[in-house]
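Handing you a structure now.
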Amino acid sequence: MKKNIPVQKNKIYSLQIHGLGHRGEGIGKIDGFTIFVEGAIPGDEIKTKIIKVKNNYAIGRLEKVIAPSTDRISPPCPIAEKCGGCQIQQIDYQKQLEYKTQLVKDNIERIGKIKDIIIHPTIGMKDPWNYRNKAQFPIGEEGGVVLGFYASKSHKIISTDQCLIQHPINDKIIKIVKEFINGFGISIYNEEQYEGLLRHVVTKVGFTTGEIMVVLVINGESLLHSEKLVNRLKESIPNISSVYLNINKKRGNVILGKDNRLLYGKEYIVDYIGDIRFEISPLSFFQINPVQTKVLYEKALEYANLEGNEIVYDAYCGIGTISLFLAKKAKKVIGVEIVEQAIEDAKRNAKINNIENVEFYAGKAEEIIPKLYRQGDQADVIVVDPPRKGCDEKLLDIIIQMKPQRMVYVSCNPSTLARDLNYLEKGGFKAVEVQPVDMFPHTMHVECVTLMSRVEK
């Protein structure tokens, strides 16, 4: 029997918003039927035009806020409603943290089926602005050169002269690059026709050192008049340390190619997390928010509760950031990561910090760790920091088989975290506590550190 749907496409309805979706959409109901409205927040009374109707939900466009929520503020950024970078800038920051805590609780309970667990309030930032140390600016042409960020759910570029969550130096870099493009008639890449030269500008900033890297991504072999741009950057930005050309002739959405050509300065910039030094190249992965990364890693170290005699496995170790933190307290740390370049970076980072009690292996964690385990490397503590899709089930199975005393799960996705915690609890572990950390203020992303202990059976 066909379900009776109480709304129709293209009609306008009054709606009370009572919840927030995982993408930051406001959630309301009409006769029990769920409506998602981007830009609306809990507590708002709104008018919404229905633009899409499905069997179990509809999507509305915010037409008017009739009565605003007490948590609604005016976004400081003038393009916040157009740009896809921030989803919830219109919500008071302390309330953002509460919503993120609730998001974690809902996922742990609904997907993980776990109720007897401590979930701490989300740790926020004292100053939740200008926190990003890396920016990726697409370049396009829409009645002139546009350089900025993509609009939500599209590849339409919103021209950006100032971004309040990026390092302020980016505002100056954007202006200089725009002037260079216009002054020398540099062609802009068209992603539909695969023609044109300049594709992206990528910037990296060392927050503790002030060093700055600019990477110009091109669909070609060279950039005419690049020396003019380098000179302008050097004149205007005293801390500029590196300027690169990155060659990317491939079609698709991957921003950086594999070929980097140094135009000026050093091959890498330096930054620190705590007292650990990292050398960052154009292709290096480095956490976006260094202030909160330190908070996150210190919590992971606290949960690992190392006394100095432990062998620790760090799965999905990336460039070894968590591994090096752990190594200061452990007997030995073994890091595993599928990306070979990341493992090379991890080995170099260990060397420059004179940390010798770490070993790094390139390959799938679910294949490397069982081999090491069979060779006799028994783990006392296992740390995992997987991508958004969560841990591979084979890895969870070997962790259950290895029976470490403790496990620390660092996650960027509460739903896959909850799924994996459920699996591990069935295998003899107990989820003890979760600490959410706000790595990306004004977005719906939230990181979590979870402590699990082995339960004797």
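Only a predicted model underlies this, so the values are computations on that prediction, with no experimental measurement involved.
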Asp71 side chain vs Lys95 backbone, donor-acceptor pair below 3.5 Å: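 Such a contact is absent between Asp71 side chain and Lys95 backbone.
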Evaluate whether atom CD of Glu279 has more than 12 neighbouring non-hydrogen atoms of other residues, nucleotides or ligands under 6.0 angstrom away.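 Yes, because the 6.0 Å sphere around CD of Glu279 holds more than 12 heavy atoms from other groups.
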I'd like to know if the side chain of Asn413 pairs up with that of Ser415 as donor and acceptor (distance under 3.5 Å, no hydrogens or angles considered).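 Asn413 vs Ser415: donor-acceptor pair found between side chains.
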Return the set of residues passing salt bridge (Lys or Arg N to Asp or Glu O under 4.0 Å) with Lys266 (not counting sequence neighbours), or none when no residue passes.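 Applying salt bridge (Lys or Arg N to Asp or Glu O under 4.0 Å) to Lys266 gives Glu211.
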Check: Tyr93 and His442 side chains under 4.5 Å, non-hydrogen atoms: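 When only atoms from C-beta onward are counted, Tyr93 and His442 do touch, with a gap below 4.5 Å.
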Under a 4.5 Å cut-off applied to non-hydrogen side-chain atoms, are Thr450 and Ile108 in contact?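 A side-chain contact is absent here, since even the closest heavy-atom pair is not under 4.5 Å.
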Find the distance between CG (Leu306) and CG (Leu301) and round it off to the nearest 0.5 Å.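 CG of Leu301 is found 6.0 Å from CG of Leu306.
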Does Tyr303 form a side-chain hydrogen bond (donor to acceptor under 3.5 Å, both in side chains) with Gln435? I'd like the steps, not just the answer. CA-CA 10 Å; Tyr303 282 176; Gln435 177 60 71; 5.1 Å; no
Got a second to check how far Asn289's CG is from Met125's CE, nearest 0.5 Å?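 Reported to 0.5 Å precision, the distance equals 4.5 Å.
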Indicate the atoms forming the closest heavy-atom contact of Gln90 with Gly39, along with that distance.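 Reported closest heavy-atom pair: NE2-O, 3.3 Å.
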Asp345 side chain vs Ser284 backbone, donor-acceptor pair below 3.5 Å: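 Not confirmed, Asp345 side chain does not pair with Ser284 backbone.
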Kindly give the heavy-atom pair with the smallest separation between Asn248 and Gly257, and that separation in Å.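 Looking at all heavy atoms of both residues, the closest pair is CB-N, 3.6 Å.
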OH/Tyr264 to CG/Leu245 distance, rounded to the nearest 0.5 angstrom?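 CG of Leu245 is found 15.5 Å from OH of Tyr264.
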Test your reading of the model: is there a side-chain donor-acceptor pair from Gln96 to the backbone of Ile91, 3.5 Å cut-off?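 Yes, because the side chain of Gln96 sits within donor-acceptor range (under 3.5 Å) of the backbone of Ile91.
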Any side-chain heavy atom of Tyr189 sitting closer than 4.5 Å to one from His200?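 No - every pair of side-chain heavy atoms lies 4.5 Å or more apart.
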Taking only residues two or more places apart in sequence or in another chain, which ones pass ring pair (Phe, Tyr, Trp, His ring centres under 6.0 Å) with Tyr99?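 None.
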Looking only at atom types and distance, does a side-chain atom of Arg277 sit under 3.5 Å from a main-chain N or O of Asn353, one as donor and one as acceptor?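 Checked: no pair found.
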Side chains of Asp271 and Thr208, donor plus acceptor under 3.5 Å: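 Yes - a donor-acceptor pair under 3.5 Å links their side chains.
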Between Asp171 and Cys163 (side chain of the first, backbone of the second, donor and acceptor by atom type, cut-off under 3.5 Å), is there such a pair?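 Judged by distance alone, yes, a pair lies under 3.5 Å.
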Closest approach of Val215 to Asn246 (non-hydrogen atoms, all atoms of both residues):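 Between these two residues, the closest heavy atoms are CG1-CB, 3.6 Å.
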With salt bridge (Lys or Arg N to Asp or Glu O under 4.0 Å) as the criterion, how do Glu344 and Arg348 come out once you've worked through the C-alpha distance, each side chain's angles and the decisive distance to 0.1 Å? CA-CA 6 Å; Glu344 292 305 311; Arg348 190 177 76 252; over 6 Å; no
Given side chain to side chain contact (heavy atoms under 4.5 Å, CB included), test Thr293 with Thr321 step by step and report yes or no. CA-CA 10 Å; Thr293 296; Thr321 43; 5.9 Å; no
Do other residues, nucleotides or ligands put more than 12 heavy atoms under 6.0 Å from Gln16 CD?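 Result for CD/Gln16: enclosed.
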Assess the residue pair Tyr244 and Met213 against the criterion (side chain to side chain contact (heavy atoms under 4.5 Å, CB included)); give the C-alpha distance rounded to whole Å, side-chain angles, the decisive distance to 0.1 Å, and a yes or no. CA-CA 8 Å; Tyr244 272 95; Met213 176 182 289; 3.9 Å; yes
Spell out, as yes or no, whether a donor-acceptor pair under 3.5 Å connects the side chain of Ser69 to the backbone of Pro42.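 Yes; at least one donor-acceptor contact below 3.5 Å.
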So which heavy atom on Asp438 is nearest to which on Thr122, and how close?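 Minimum heavy-atom separation between Asp438 and Thr122: N-CG2, 3.7 Å.
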Test: Lys329 and Glu310 ion pair at under 4.0 Å: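 Between Glu310 and Lys329 there is no salt bridge, as every charged N stays at least 4.0 Å from the carboxylate O atoms.
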Can you confirm whether more than 12 heavy atoms, excluding those of Glu267, are under 6.0 Å from its CD atom?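 Counting other residues, nucleotides and ligands, CD of Glu267 stays at 12 neighbours or fewer.
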Any side-chain heavy-atom pair from Pro370 and Glu366 closer than 4.5 angstrom?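 Side-chain contact under 4.5 Å: no.
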Should the pair Tyr150 and His155 be assigned to parallel (<30°), tilted (30 to 60°) or perpendicular (>60°) ring geometry?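 Because their plane-to-plane angle is under 30°, the rings of Tyr150 and His155 count as parallel.
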Please test Glu221 against Arg261 for salt bridge (Lys or Arg N to Asp or Glu O under 4.0 Å), starting from the C-alpha separation and ending with a verdict. CA-CA 10 Å; Glu221 293 293 331; Arg261 300 177 188 177; 2.6 Å; yes
Chi angles and distances behind the side chain to side chain contact (heavy atoms under 4.5 Å, CB included) call for Tyr361, Leu372: CA-CA 10 Å; Tyr361 296 88; Leu372 296 172; 3.9 Å; yes
Mind checking whether Arg388 and Thr416 have side chains closer than 4.5 Å, heavy atoms only?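 No, too far: nothing below the 4.5 Å cut-off.
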Between Thr443 and Cys86, is there a donor-acceptor pair closer than 3.5 Å when you use the side chain of the first and the backbone of the second?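 Such a contact is absent between Thr443 side chain and Cys86 backbone.
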Test side chain to side chain contact (heavy atoms under 4.5 Å, CB included) on His445 and Met439 and set out the steps. CA-CA 8 Å; His445 297 295; Met439 294 282 283; over 6 Å; no
Quick one: pull up CG in Leu395 and NZ in Lys364 and give me the separation to the nearest 0.5 Å.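 Spacing of CG (Leu395) from NZ (Lys364) equals 12.5 Å.
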As an exercise, state the distance from CG of Leu20 to CG of Leu103, rounded to the nearest 0.5 Å.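 Reported to 0.5 Å precision, the distance equals 8.5 Å.
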Identify the heavy atoms of Ser152 and Glu38 that sit nearest to each other, and give their distance.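 Heavy atoms only, the tightest pair is OG-OE2, 3.5 Å.
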Tell me whether the rings of Phe36 and Tyr57 are parallel (<30°), tilted (30 to 60°) or perpendicular (>60°).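 Aromatic pair Phe36/Tyr57 classed perpendicular.
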Looking at side-chain heavy atoms only, is the closest gap between Val201 and Leu216 below 4.5 Å?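 They are in contact (side-chain heavy atoms under 4.5 Å apart), so the answer is yes.
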Heavy atoms of other groups near Lys82 NZ, more than 12 under 6.0 Å: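 No - once you tally the heavy atoms of other residues, nucleotides and ligands closer than 6.0 Å, there are 12 at most.
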Compare every heavy atom of Pro404 with every heavy atom of Asp380, then report the nearest pair and how far apart it is.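 For Asp380 versus Pro404, the nearest heavy atoms are O-CB, 3.5 Å.
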Output every pair passing ring pair (Phe, Tyr, Trp, His ring centres under 6.0 Å) with a member in residues 268-290, not counting sequence neighbours, ordered by first then second residue.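 Qualifying pairs: Phe278-Phe286.
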So does Ile319 get a backbone contact from the side chain of Asn349, meaning a donor-acceptor N/O pair under 3.5 Å?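 Pair found, side chain donor or acceptor close to backbone of Ile319.
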Are the charged groups of Glu367 and Lys371 less than 4.0 angstrom apart, N to O?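 Answer for the salt bridge query: no.
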Would the distance check show the side chain of Lys134 and the main-chain N or O of Val202 forming a donor-acceptor pair, the cut-off being under 3.5 Å?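 No, Lys134 side chain to Val202 backbone: no donor-acceptor pair under 3.5 Å.
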Would you compute the distance between atom CG of Leu198 and atom CG of Leu223 and round it to the nearest 0.5 angstrom?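 Result: 6.5 Å between the selected atoms.
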Hey, does Thr101 have a side-chain heavy atom less than 4.5 Å from the side chain of Glu98?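 Result no, sub-4.5 Å side-chain heavy-atom pair not found.
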Any luck finding a side-chain donor-acceptor pair between Tyr297 and Gln287 under 3.5 Å?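 Yes - a donor-acceptor pair under 3.5 Å links their side chains.
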Any side-chain heavy-atom pair of Ile165 and Phe440 under 4.5 Å: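 A side-chain contact is absent here, since even the closest heavy-atom pair is not under 4.5 Å.
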For atom NZ of Lys430, is the number of surrounding heavy atoms from other residues, nucleotides or ligands below 6.0 Å larger than 12?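 Result for NZ/Lys430: enclosed.
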Closer than 3.5 angstrom, by distance alone: can the side chain of Asn130 be matched with the main-chain N or O of Gln166 as a donor-acceptor pair?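 Yes; judged by distance alone, with no hydrogens or angles, the pair exists.
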